[in-house]
Asker: 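Sharing a structure below in structure tokens format, with a few things to ask.
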Amino acid sequence: MMSEQNNGITLQKENNTNPSAATSTIPEANLSVTASAQPAANMKFCKYCGGQIPMDAILCTVCGRQVEQLQGIESSQQPQIVINNANNNVNTNTAIASGAPVGKRKSKWVCFFLWLFLGLFGAHKFYDGRIGTGIIYMLTLGFFGIGWFIDFFGILNKPNPYYV
């Protein structure tokens, strides 16, 4: 008797010349291929992984992929989507889009010259209607000059006229 072992498969062969006398043993842990090419009764093969699954299965129990279409939906037919809108075409928008600016009209250049000559005392802030910031500018001389310097760029980036 001769014995070979290859990848967990043990082949045993007797020294007979009869080819039907050869037997093969495959451990269950390494069993990945079924012996027959035909599925058992009420079973079919998965078209993706080749595993045996029940005949009425929609999802493969081995790989989890969908092997059949759901009942009632054809592949070319799109599902119907129903949107129930209880708005009844009533316009509930409250914003007024007239295009007119809202607020008091101010001149960029008046603000600039107030900043230039009286900015450390917050005159340009009072002109814009920011009374609280103007008082702070008066008490701290324009946030110690830092706020006064930063306002230069803010004033020059304003459109003329601007609205506050």
Side-chain angles (χ1 to χ4, degrees), residues 6-9 26-34 37 39-164:
N6 187 7
N7 292 333
I9 300 173
I26 301 173
E28 282 189 33
N30 293 330
L31 182 62
S32 62
V33 179
T34 56
N42 295 332
M43 298 294 276
K44 64 181 177 181
F45 290 117
C46 172
K47 59 184 173 183
Y48 298 105
C49 69
Q52 278 193 352
I53 57 175
M55 187 63 75
D56 59 343
I58 296 173
L59 297 175
C60 177
T61 56
V62 179
C63 66
R65 294 184 69 181
Q66 183 176 351
V67 293
E68 297 292 331
Q69 289 290 332
L70 297 175
Q71 293 178 356
I73 298 178
E74 296 178 17
S75 61
S76 64
Q77 180 186 17
Q78 293 292 325
Q80 295 285 334
I81 299 174
V82 178
I83 300 173
N84 292 326
N85 189 358
N87 196 3
N88 296 328
N89 296 326
V90 176
N91 189 1
T92 57
N93 295 334
T94 57
I96 299 171
S98 64
V102 179
K104 293 184 180 180
R105 181 180 174 158
K106 302 290 181 174
S107 173
K108 169 184 180 175
W109 298 112
V110 170
C111 185
F112 175 76
F113 286 112
L114 285 171
W115 168 85
L116 185 62
F117 296 112
L118 299 170
L120 290 175
F121 301 108
H124 62 291
K125 294 295 183 179
F126 287 109
Y127 177 71
D128 281 347
R130 298 180 182 151
I131 307 299
T133 311
I135 292 172
I136 292 174
Y137 267 56
M138 278 187 359
L139 296 175
T140 61
L141 290 178
F143 282 131
F144 308 106
I146 298 171
W148 177 79
F149 180 73
I150 292 172
D151 285 344
F152 169 74
F153 300 104
I155 292 170
L156 289 183
N157 285 327
K158 290 180 182 180
N160 191 25
Y162 67 97
Y163 297 88
V164 291

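Values below: all heavy atoms of this structure, side chains included; hydrogens, waters and symmetry mates excluded. Throughout, residue positions are numbered sequentially from 1 according to the sequence presented.
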Asker: Measure across Thr140 and Ile136 and return the closest heavy-atom pair with its distance rounded to 0.1 Å.
Answerer: OG1-O, 2.7 Å
Asker: Taking the ring of Phe143 and the ring of Tyr137, is the distance between their centroids below 6.0 Å?
Answerer: yes
Asker: With a 3.5 Å cut-off and sequence neighbours excluded, list the donor-acceptor pairs that the side chains of residues 53-62 form with protein atoms.
Answerer:
none

Asker: Restricting to non-hydrogen atoms, name the atom on Trp148 and the atom on Gly119 that form the minimum distance, rounded to 0.1 Å.
Answerer: CD1-C, 3.3 Å
Asker: Less than 4.5 Å apart, side chain to side chain, heavy atoms only: is that true for Leu141 and Phe121?
Answerer: yes
Asker: Do the ring planes of Phe152 and Trp115 sit parallel (below 30°), tilted (30 to 60°) or perpendicular (above 60°)?
Answerer: tilted
Asker: Please tell me if the side chains of Lys104 and Tyr163 come closer than 4.5 Å, counting only heavy atoms from C-beta onward.
Answerer: no
Asker: Please identify which of these residues, Lys158, Lys106, Arg105, meets the salt bridge (Lys or Arg N to Asp or Glu O under 4.0 Å) condition with Asp128.
Answerer: Lys158
Asker: Whether the side chain of Tyr162 engages the backbone of Ile155 through a donor-acceptor N/O pair (distance < 3.5 Å, no angle test) should be reported.
Answerer: no
Asker: Restricting to non-hydrogen atoms, name the atom on Val67 and the atom on Cys46 that form the minimum distance, rounded to 0.1 Å.
Answerer: CG1-SG, 3.7 Å
Asker: How far apart are the closest heavy atoms of Cys63 and Tyr48, and which atoms are they?
Answerer: SG-CB, 4.4 Å
Asker: With under 30° as parallel and over 60° as perpendicular, where do the rings of Phe113 and Phe117 fit, or are they tilted in between?
Answerer: parallel
Asker: Count the heavy atoms of every other residue, nucleotide or ligand shown that sit under 6.0 Å from CD1 of Ile146, and state whether that count exceeds 12.
Answerer: no
Asker: Counting only heavy atoms not in Lys108, do more than 12 sit closer than 6.0 Å to its NZ atom?
Answerer: yes
